[in-house]
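One structure is given below, encoded as structure tokens.
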Amino acid sequence: MSSPEGRSSGGTALSASLWEDLGVEWRRAAVHHDELFRGSKEWCAQLLRELDQLAGQLNSAAAAAPEDAPPKPRALPAVQALRQASERARDAIGVQQKKLNASITKYTKFVDKHFAFDPKRACRGRPLDRRLLERAIVEHLYREGEFELGERLAHEAQLAMDASLIEPYVEMHQVLKALDADQLEPAIDWARRHRQQLWCAQQSLPIRPAQSPGAAEAGQSPSAEGTELEFKLHRLQFVNLLQQGKAAEALRYAERTFPQFQRTQHSQIQHLMGCFLFASRILHSRLSHPRYAPLFTPALKQDVVQSFKASCWRVLGLAPESPLHSVASCGAVALPLLIKAAKLLPNKDAWDERDELPVEVDLGRPYQFHSIFVCPVSRDQSTEQNPPMLLPCGHVLCKETVGRLPRGGTRFKCPYCPSEQQVAACRQVRF
Amino acid sequence: MELEHCFLRIPAETLYRNLRQHKKLMDRELDGVRALLDELSGWPSSPTRHDELLREVRQRQQSLQQLRLRMDELERDGVEQLRNLRCRATLLSRSGGSGDGDELTDWGAAGGSEDRPSSRRRTMAGDGGDSTPIDGYGSDDEAAGTEDTSTEVETAAHSPPPTATEATARLPPALCEPCELPSTASGSPALRLERFVVDFLLRQGHWDTAKTAIDHWNLHRLTEPHLFEAIQPVVSALRAHRCTEALQYCLENRRRLVKIDSTLEFHLRMQEFIELCREGNTNASLIYAKKHFVSLVARVPAADAPTREHEVYRAVVRCLPLMAFPPDTPCDRYRVLYNVQMWARLEEEFLQTHFALNMLPSEPQLDLLLQPGLCALKTRYCGQAEGGEGEAERVQPNVSADATAAAEVSTATEATEALVQHVASPRHACPTCNSPYRELAAHLPFSHHVRTTAVCRLTGKAMDEHNPPVVLPNGNIYSLEAVNALECTTASGVEVRDPVSGEKFRRELCRRAFIM
């Protein structure tokens with residue numbers, strides 16, 4: 001069994017045998033639990049029966065005896081049986097209770113051993129501000145479209161949320177809901193209203209940087225043309241019509257809406273027009289045409305939803321992932337590392353005072369939002385006083401290193417290439 | 001995974017509690033039967049009358065019936081907890097990634113496939129049971145019980161792995177059903193976040209929201225609302241400055257409170273005493289103090305006594321003179337004891353005690369997850385974004401709008417403006433740059449970096465060998481993609497307009513930078 005820290009990293013090291021062992025512990029507890037309760041209920045039933053018999057015997061004994069004289073001193077057989085049964089019950093249930101107790105203890109010990117963790121080691125003593133955290137949660141809920149929950153919480157926590165903060169989310173989730181119900185009009189309307197912004201966002205899409213000069217040469221006002229998102233929406237509508245077997249309507253729809261995409265989506269439109277030939281065959285006989293069949297799968301709609309969401313975040317100027325999610329997933333990466341660091345570092349409480357984490361936490365590309373320049377020579381992070389400097393050869397070092405390398409002179413050799421550098425020729429750069 | 005300890009642990013606590021309850025009930029019942037038997041043993045020579053005895057027998061029967069019902073309840077609860085445990089373990093093992101879904105089949109199927117041999121064993125046990133002289137219903141089970149213990153002894157002697165006995169033991173049918181986790185539910189981060197948010201809401205006492213969230217996200221098996229529901233009245237009473245409910249809680253959990261060496265009850269008593277003093281009811285407070293405190297201060301605790309005793313002693317000595325000091329006393333030492341803050345502290349102590357009793361972590365799990373996350377995200381540049389860069393970005397479009405008004409209006413310039421405005425700037429996406437996370441992270445340490453990460457300010461993309469950094473003559477570095485997008489053709493050749501400063505440069509002057 002691997003150590004607790006080993007298991008945590010990425011989950012790949014998480015041993016299956018751990019879960020199996022946990023399963024064994026669980027099963028043991030479950031079986032004993034069942035035994036105990038089944039057993040004790042059966043004992044209850046038996047005791048009840050014995051009591052019934054006893055009552056009967058009592059009655060008959062009393063009836064048999066004459067009214068005035070006491071009945072003959074004769075032990076009732078039921079008393080003996082009841083005594084025996086109750087003593088046996090006591091023993092048997094005691095054994096079962098002990099067994100269950102032992103198995104639960106085993107289980108908890110197992111859990112303690114493999115999952116125990118002391119939060120104090122990885123976190124600062126001071127908890128996060130409750131009000132701010134509540135605010136963050138409310139925002140997160142709104143963002144995720146859980147308006148009812150968000151409102152409830154805002155009400156319960158007495159947070160005054162700005163209405164302007166909610167509105168864009170409300171609109172977005174209304175559109176998404178409509179999309180889900182195959183109503184594309186709200187989405188198309190939204191895309192048309194935000195055409196300008198979407199167009200601009202699209203231009204900067206690095207996937208096709210070549211488009212930018214092309215658009216400039218065209219000299220056409222962008223708002224006259226539909227955007228990619230709009231086209232995708234229309235395409236979905238068109239395919240939906242075909243799927244419903246309304247070919248004529250689809251044709252009319254295409255005639256009405258596609259011309260505005262003539263320039264940008266020419267080949268796509270041609271592709272779609274080809275659908276008229278294949279649509280019915282694909283739909284009825286499940287023809288798997290490599291070029292046309294993919295259009296008639298739910299993937300098309302998912303793609304539309306995805307790109308609508310992405311566009312929304314872009315237009316709203318927000319991150320594509322809820323920040324609460326981001327922070328939480330970063331925390332999941334960082335926590336094991338910090339625990340490990342706290343174990344390895346000798347002075348455990350020292351870093352509480354420091355203003356930097358003891359280890360580097362590599363969050364991966366999606367969570368790098370800022371350029372951080374670390375001088376490759378001095379290994380210092382750049383600061384206002386110690387900014388990165390560009391050498392004439394193109395390499396970047398920090399200012400202190402550039403000052404130190406010439407050893408009193410004005411020239412030095414670049415540590416990374418053979419060229420000689422003049423200190424005066426180095427320029428400060430900003431990321 | 002480090003945070004999941006209580007997740008797997010809490011249901012087991014409930015099982016413990018149920019077991020104790022079961023023991024108590026069963027013992028009481030069997031004692032009752034024994035008492036009845038004692039009375040019966042003398043019959044009919046004993047003075048107890050026949051109909052009285054009969055009534056007692058009936059009474060026993062009734063209470064046994066009740067016990068059975070109570071057992072049913074306990075069992076149901078226990079089975080629920082066991083199922084919760086399995087759901088949770090399944091969820092965690094799925095998130096582990098090593099064997100998706102294995103877990104479910106493993107635990108469940110073991111019960112199903114092993115059913116046959118175990119039933120065979122049970123019939124054998126039944127045969128054995130017939131030979132025993134006791135006739136009646138319970139014999140079969142009794143025998144099964146002894147059989148079971150004997151096998152266990154045997155296996156212990158031969159010391160095969162414990163799985164051997166466990167696998168052959170029968171799993172109750174209720175637990176053989178597959179757990180009702182939706183098959184799509186995985187240990188995804190989203191689900192974990194939902195759980196932690198609910199935990200946080202419950203701790204904060206946002207009961208209504210938490211309940212709705214549990215229903216909405218279907219977290220019944222994965223959260224512990226009952227632990228918080230139980231203490232709602234106590235907390236609200238404490239908020240209304242009333243100790244009665246909390247003292248009742250202490251009474252119910254006395255044994256466990258002693259075990260964790262809690263001072264909760266003492267503090268509650270102290271607060272009640274303070275309240276009596278506040279009313280100016282010297283007599284009542286004197287009686288109260290005599291009743292509850294005298295034993296505590298009967299003698300000075302020995303030097304080697306546990307610190308708790310010393311603390312309690314000091315606290316009593318400190319608060320007893322309060323009888324002589326009214327709430328508006330100028331003496332600081334006693335005035336602070338009248339402070340309303342004491343109630344808040346009491347509430348906090350109560351909550352912490354309750355969490356400790358139930359294996360709940362003292363901090364919300366959300367905190368434990370978010371704190372490291374915020375630290376890891378927080379860079380030295382995060383705060384600055386708003387002041388320096390953000391301002392420039394906001395002001396800039398107007399400036400360039402003037403500039404472009406004079407120049408020819410080309411779509412490209414519009415595009416670049418929009419680029420600055422609307423492209424998801426990395427700073428928009430960075431949580432710790434924006435409220436409320438910036439404030440949340442304020443007192444946390446920065447992340448530590450030993451490697452350069454270059455992120456383009458305009459596109460938010462990494463600058464690496466595929467998208468190398470390009471230095472403009474004014475020292476600003478952007479990615480090649482961004483610079484390409486910023487290019488515009490003019491009469492003098494290809495130019496690049498820096499959207500941050502508004503300057504224009506010839507494309508040839510922009511050079512690649514090498515970052516090691």
Side-chain angles (χ1 to χ4, degrees), chain A residues 8 11 14 16 19 23 28 30-31 34 37 42 44 46 51 55 62 71 73 79 83 86 90 92 104 108 111 115 117 119 123 132 135-136 152-153 156 200 203-204 206 209 216 317 319 323 327-331 334-335 355-357 360-361 368-372 374 376 394-396 429 431, chain B residues 1-2 5 8 12 30 33 37 40 44-45 50 57 61 68 75 82 93 96-99 107 137-138 141 145 166 169 172 175 189 193 206 209 368-369 371-373 376 379 381 412 415 418-419 423 426 428-431 436 440 445-446 448-449 452-455 475 477 481 484 514-516:
Chain A
S8 58
L14 210 144
W19 296 110
R28 197 203 323 270
V31 166
D34 181 56
F37 277 95
E42 280 165 13
C44 275
Q46 196 190 345
L51 280 170
V79 173
R83 187 187 301 279
S86 75
R90 192 184 289 272
I104 301 178
T108 52
V111 171
F115 294 90
F117 136 80
C123 288
L132 286 170
R135 182 168 289 274
R152 243 172 229 264
L153 178 57
E156 233 178 334
C200 296
Q203 291 312 303
S204 68
V327 175
S329 22
C330 293
L335 187 63
D355 66 341
E356 223 177 64
L357 292 181
E360 179 171 33
V361 179
Q368 288 162 0
F369 300 104
H370 301 277
S371 294
I372 288 155
V374 178
H395 287 109
V396 185
V429 289
F431 282 94
Chain B
M1 200 52 66
E2 278 71 18
H5 176 236
L8 291 172
L30 288 171
V33 171
L37 283 170
L40 273 171
S45 52
H50 159 255
V57 170
Q61 277 178 319
R68 263 222 301 213
E75 183 181 17
L82 283 165
S93 68
S98 50
W107 289 16
Y137 191 63
D141 194 70
E166 293 320 316
L175 290 168
L193 187 63
H206 299 320
T209 320
L368 301 179
L369 188 63
Q371 275 203 25
T379 66
Y381 309 99
L419 187 81
V423 162
H428 282 142
C430 173
L440 277 174
F446 293 105
H448 178 75
H449 293 274
T452 299
T453 43
V455 179
I477 295 183
E481 272 174 17
N484 283 340
F514 296 90
I515 295 163
M516 308 309 273

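Each chain gets a letter, A, B and so on, in the order the sequences are listed, and its residues count up from 1. Note that these values count all heavy atoms, side chains included, but never hydrogens, waters or copies made by symmetry.
For B:Leu193, the part lying under 4.5 angstrom from a heavy atom of chain A is the side chain only.
Heavy atoms only, all atoms of each residue included: A:Leu51 and B:Val57 are closest at O-CG1, 3.7 Å. Considering all non-hydrogen atoms of both residues, A:Ser86 and B:Val33 come closest at CB-CG1, 3.8 Å. Taking all atoms of both residues into account, the shortest heavy-atom contact from B:Ala12 to A:Ile104 is O-CG2, 3.9 Å.
Partners of A:Pro376 by side-chain contact (heavy atoms from CB on, under 4.5 Å), not counting sequence neighbours, listed by chain and number: A:Phe373, A:Leu397, A:Tyr416, B:Met516. Under the salt bridge (Lys or Arg N to Asp or Glu O under 4.0 Å) criterion, A:Arg152 pairs with A:Glu148, B:Asp208, not counting sequence neighbours.
Taking A:Ile372, A:Val429, A:Val396 one by one and counting their heavy-atom pairs under 4.5 Å with chain B, the maximum is reached by A:Ile372.
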